[in-house]
Structures are given as C-alpha cells and as structure tokens.
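Step one of this worksheet: look at the structure below.
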Amino acid sequence: MYTEKVMEHFKHPRHLKEMKDPDAVGTVGNPTCGDMMHVYIKVGKKDGKEIIEDISVQTFGCVAAISTSDVVCDLAKGKTMEDAKKISKEDIIKELGTLPHQKIHCSVLAQDGLNKAIEKYENKNK
Amino acid sequence: MKCYLDNGATTKVDQEVVKAMLPYMEETYGNASSLHKFGQDAKATLEESRETIAKAIKAQPEEIIFTSGGTESDNLALKGIAFANKDKGRHIITTKIEHHAVTKTCKFLENDGFKVTYLDVDKEGFIDLDQLKKAITKETILVSVIHANNEVGTIQDIEKIGKICKDHNIYFHTDAVQSFTKTIIDVEKQNITLASLSAHKIHGPKGIGALYIKKGTKIKKIMDGGSQENKLRAGTENIPGIVGFAKAVEIANQENFKNMQMLRDYFIEKVEKEIPETNLNGSKKQRLCNNINITFKYIEGEALLIKLDDKGIAVSTGSACSSKELRPSHVLIAMGIPPSVAHGSIRFTLSKYTTKEELDYTINYLKEAVKELRDMSPLWRK
C-alpha cells in the first residue's frame with residue numbers, strides 16, 4: 001500500500017517531536033477527522049534573508065500523515081521563508097514516490113501547517 | 001515471531017479441513033446434480049455435510065442452503081424475505097451496528113421502496129429491546145440483528161429478540177458469522193427464522209457459507225439459474241468447500257473457546273495495567289471469546305497497525321484512515337464513542353492457534369509502538 005520511502009519516513013522520522021521555544025506554531029486539522037498537526041518553526045538569518053532554521057512537527061494521524069510531516073520538514077529546513085511557502089503537495093508526494101489516492105486529500109496537511117506557522121511569525125514581526 | 005491476531009477477518013484453514021477437502025477435487029469431483037455415479041457420490045457427501053451443519057444449530061438438514069459466504073447469505077435473507085413478503089408490508093428493522101453485508105443491503109432495499117428502522121445501541125453495543133418492540137408496526141416483515149458484532153464482539157440476547165419477533169409473527173434473521181460455533185445457536189429455542197453462517201471464520205475455506213431458513217418461510221431466490229439448493233440458490237454446489245465447512249464445524253471444540261476466552265481476558269487485563277489511557281470497547285461479559293477491541297487514546301489506529309505489522313503482528317482497526325471511505329467505524333460511532341477516540345481503536349481477534357507467548361510478544365511491541373506514536377502526537381500530554 002505504501003512505498004518504501006513512505007515507510008522509511010514513518011519508521012524513522014527525524015522531525016516528529018515537540019520544539020522548545022519555537023518562534024511560531026502552525027496548527028492544522030482536528031482529531032475528529034483523524035489528522036491533526038502542530039508545526040513548529042525557528043527562524044534564523046542567512047545572507048540577510050530570513051530562513052527556516054529549524055522545524056519540527058507533532059502529528060496525530062495515519063502513516064501518510066506522519067511521513068508527509070517528516071518530508072515537509074526535510075524540504076523546508078534551511079529554505080528562505082519565501083521558498084518555504086512555495087512547497088506544494090505535489091513536491092511532498094514526489095519526494096515519497098506516491099501516496100494511496102484516498103490519502104492525498106486528507107493526510108497531506110503539513111504544508112498547510114507550515115504556511116500557518118510562517119504567517120503567524122510574519123504577523124507577529126510586522 | 002509472527003502473530004496473526006486478525007481472526008475476525010479470516011482464519012487459517014485447519015489441516016484436517018484441507019485433508020478432508022482434497023479428495024473432492026481429485027477423486028469425487030462430480031457435479032452433485034448429475035445422475036451418474038460421479039455426481040451421486042458428490043450428492044451423498046453434500047447431504048452428509050448439510051446434516052453436520054444443521055445439527056450444529058439444531059436445525060433440519062433441508063433448512064440449510066449453501067451459499068458463497070456470509071455476504072451472500074445476508075443478501076439472500078434480506079432481499080429474499082423483502083421481495084417475497086412485500087404484499088404483507090415493506091418495513092424492516094435492523095441495527096446501527098450490522099456488518100456492511102446487512103447495512104448496504106438495507107440501503108439497497110430502501111432505494112427499492114422499503115422502509116428500514118436502524119435501532120440504536122448502548123455504549124457496550126447492546127440494542128434496547130423496548131425500542132425494538134416500539135419499532136414494530138403492522139408493516140414490519142423482518143427483524144435482522146447481528147448475533148455477535150464483528151468489531152467489538154458484543155453478543156446480543158437473540159433469544160429475547162427471537163421471542164419478540166415470534167410474538168409479533170415477524171421473521172427474525174441473525175448474522176451469526178462471527179458467533180457460529182463459538183456461542184450457542186439453537187434455532188428452535190431462540191426462535192430464529194434465518195441465520196447467516198460462514199466457513200472461513202472457523203478455520204474452514206473461503207467462498208463457502210450457508211443460510212439457515214426455517215421450514216415454511218416465505219422467501220424468494222435472488223439469483224436465476226439452476227434448481228440447486230431447494231431452488232433457492234442457483235449454481236453448481238461447491239463440494240470441496242462444503243466438505244471443508246462441515247469438517248470445520250465438526251472439529252470446533254468447546255475447550256478451544258474456553259482457552260481463547262482465558263487468553264482474551266489475560267490480554268485485556270495486561271494492556272489495561274501496562275498501557276495508560278486505554279479503553280476496552282464493547283461488553284466485558286457478553287463478549288465473543290476471541291474478540292478484543294481497545295482504544296489507545298491520542299494516536300491513530302492505522303499508524304499503530306502498520307507499526308505492529310512491521311513486527312509480524314497482524315491486527316485490524318476501526319480508524320477511518322484505514323478505510324477507503326475515510327469514515328471511522330460505524331459500530332464505534334453508534335456506541336457513542338467520539339470519532340477522535342474511534343480513530344485509535346484496534347481489534348485483536350484470537351484463534352485456537354493463538355498462544356500466550358504470542359500475546360506477550362504483542363503487548364511488548366504494543367507498549368513500544370503506542371509510546372512512540374504518542375510521543376509524536378500533539379494530543380498526548382506526558
């Protein structure tokens with residue numbers, strides 16, 4: 001059902017943990033639907049631009065929800081805020097090979113969470 | 001280690017069953033409808049097998065119709081009764097915790113102009129007999145209640161349900177696929193008009209089941225073709241399957257069930273003691289001897305299932321994320337369990353082959369997997 005890459009991220013996630021003192025947290029989903037995520041970011045500076053210095057996610061959800069959460073962190077870490085906002089569902093799925101059709105709509109939430117975290121950070125620092 | 005704890009889905013075929021079936025593929029392979037010896041030998045075995053199954057539920061052999069399994073039996077029971085009795089009335093009563101073979105057949109009948117009442121269940125999964133009585137109208141032709149629920153193992157009081165139906169002169173069908181051989185089915189005493197049975201849940205082969213139909217019941221066939229099975233089920237009889245089914249019934253043994261029940265209670269107690277924030281779904285007392293259904297709060301069932309699978313442990317879940325429809329189990333929801341909790345439910349179903357060592361191994365990894373997933377979950381507060 002799941003590709004090896006999905007299973008690899010599910011079994012050995014590197015970013016699925018709470019972050020102490022994040023600069024912003026993006027919350028998406030709800031437990032009733034079966035998926036909920038908290039995306040934590042820490043913002044740094046590189047060449048005068050703000051970047052995602054560190055990112056982690058806490059996920060309540062299925063295998064697909066957990067592995068896509070981990071992939072979003074891989075993709076976003078070190079990117080400028082502008083580039084991080086451009087990460088799409090397609091990018092995530094491409095990274096994993098593929099996902100079962102019925103999972104695409106509901107479980108690829110992490111990039112929404114990331115966008116929310118960025119938005120919160122930017123509103124806070126306007 | 002490999003632990004198969006999904007015996008509610010299907011079971012390993014017993015060696016004795018396999019042995020019994022083989023000659024009916026290689027030697028006695030005749031068509032039971034044929035007049036020659038090949039056919040008549042097959043016919044004789046067919047009738048012997050019918051007798052074995054009839055005896056197990058205190059029925060007469062001619063009251064047993066072989067089908068392709070539980071789903072077909074449910075379809076034949078519901079559609080067959082509905083179509084044959086629609087002049088009398090167009091109302092059917094069932095429950096909110098039926099197997100899809102019943103629920104979806106009811107939906108089909110609703111689209112065909114029948115009215116269906118879906119009875120509520122309490123938090124342990126029991127129907128309310130007063131609600132059943134009140135739901136009965138002059139139009140009611142059939143009551144269909146699952147004997148032991150496939151997800152949470154709750155065993156309904158079918159004797160009382162049967163009595164109510166008898167008093168109101170209404171047909172009573174029960175889906176007994178999970179309960180057959182594991183708990184007493186006595187069609188006379190329990191006033192059952194129709195009962196769906198299946199072989200592959202009791203260490204028999206897949207693709208074979210039966211429907212008990214009480215003598216004198218007005219029922220219509222749902223498939224056109226030959227005159228097999230008292231003209232109620234067209235198609236050449238699956239003799240190897242039927243022989244295997246009968247053998248599985250013959251060797252079903254009360255001792256095995258006692259043992260499963262002991263292991264079941266051992267597992268439940270140990271999980272409740274060693275893993276915090278868990279919930280047993282269903283009834284503690286009126287429960288199928290091999291069913292364990294537990295919610296592990298703050299995590300999602302499919303993720304837990306896959307983690308266990310990685311260790312060779314096979315279970316199932318009522319989580320929406322494991323179903324194509326992405327809805328949590330209708331059974332758990334009907335029992336009043338909030339969707340957020342239903343997502344974390346896991347069903348462990350034992351068999352006569354299950355050992356204590358397997359359960360200890362399972363609990364060991366269960367603890368680990370639950371902890372790992374909770375550590376990842378935003379809902380879990382340490």
(message) Are there over 12 heavy-atom neighbours, none belonging to B/E272, within less than 6.0 Å of that residue's CD?
(response) yes
(request) Report, as yes or no, whether the 6.0 Å neighbourhood of atom NZ on A/K124 holds more than 12 heavy atoms from other residues, nucleotides or ligands. (result) yes
(message) Give me the atom names and distance for the closest heavy-atom approach of A/P31 to B/L379.
(response) CB-CD1, 4.0 Å
(request) Could you pull out the closest heavy-atom pair between A/V63 and B/A303, with the gap in Å? (result) CG2-CA, 3.9 Å
(request) Using the ring pair (Phe, Tyr, Trp, His ring centres under 6.0 Å) rule, collect all pairs that involve residues 295-314 of chain B, keeping only residues at least two apart or in two chains. (result) B/Y298-B/W380
(request) Decide side chain to side chain contact (heavy atoms under 4.5 Å, CB included) for B/D375 and A/L16; before the verdict, give the C-alpha distance in whole Å, the side-chain angles of both, and the deciding distance to 0.1 Å. (result) CA-CA 8 Å; B/D375 282 344; A/L16 269 287; over 6 Å; no
(request) Give the member of B/V341, B/L304, B/L373, B/I306 that has the highest number of heavy-atom pairs under 4.5 Å with chain A. (result) B/I306
(message) At a heavy-atom distance under 4.5 Å, which candidate from B/S340, B/P378, B/P339 has the highest pair count against chain A?
(response) B/P378
From [X] atom [atom1] to [Y] atom [atom2], the distance as rounded to the nearest 0.5 Å:
| X | Y | atom1 | atom2 | value |
| --- | --- | --- | --- | --- |
| B/I299 | A/F60 | CD1 | CZ | 8.5 Å |
| A/Y2 | B/E302 | OH | CD | 3.0 Å |
| B/D309 | A/M1 | CG | CE | 11.5 Å |

(message) Between B/D310 and A/K11 (salt bridge meaning N to carboxylate O under 4.0 Å), is one present in this structure?
(response) yes
(request) State which residues pass side-chain hydrogen bond (donor to acceptor under 3.5 Å, both in side chains) with A/K5; sequence neighbours excluded, sorted by chain then number. (result) none
(request) Identify which part of A/P13 has an atom lying under 4.5 Å from any heavy atom of chain B, answering side chain, backbone, both or neither. (result) side chain
(request) For residues A/M36 and B/E300, determine if any side-chain heavy atom of one lies less than 4.5 Å from a side-chain heavy atom of the other. (result) no
(request) Using side-chain contact (heavy atoms from CB on, under 4.5 Å) as the criterion, point out the one residue from A/I66, A/D70, A/V57 that pairs with B/M376. (result) A/I66
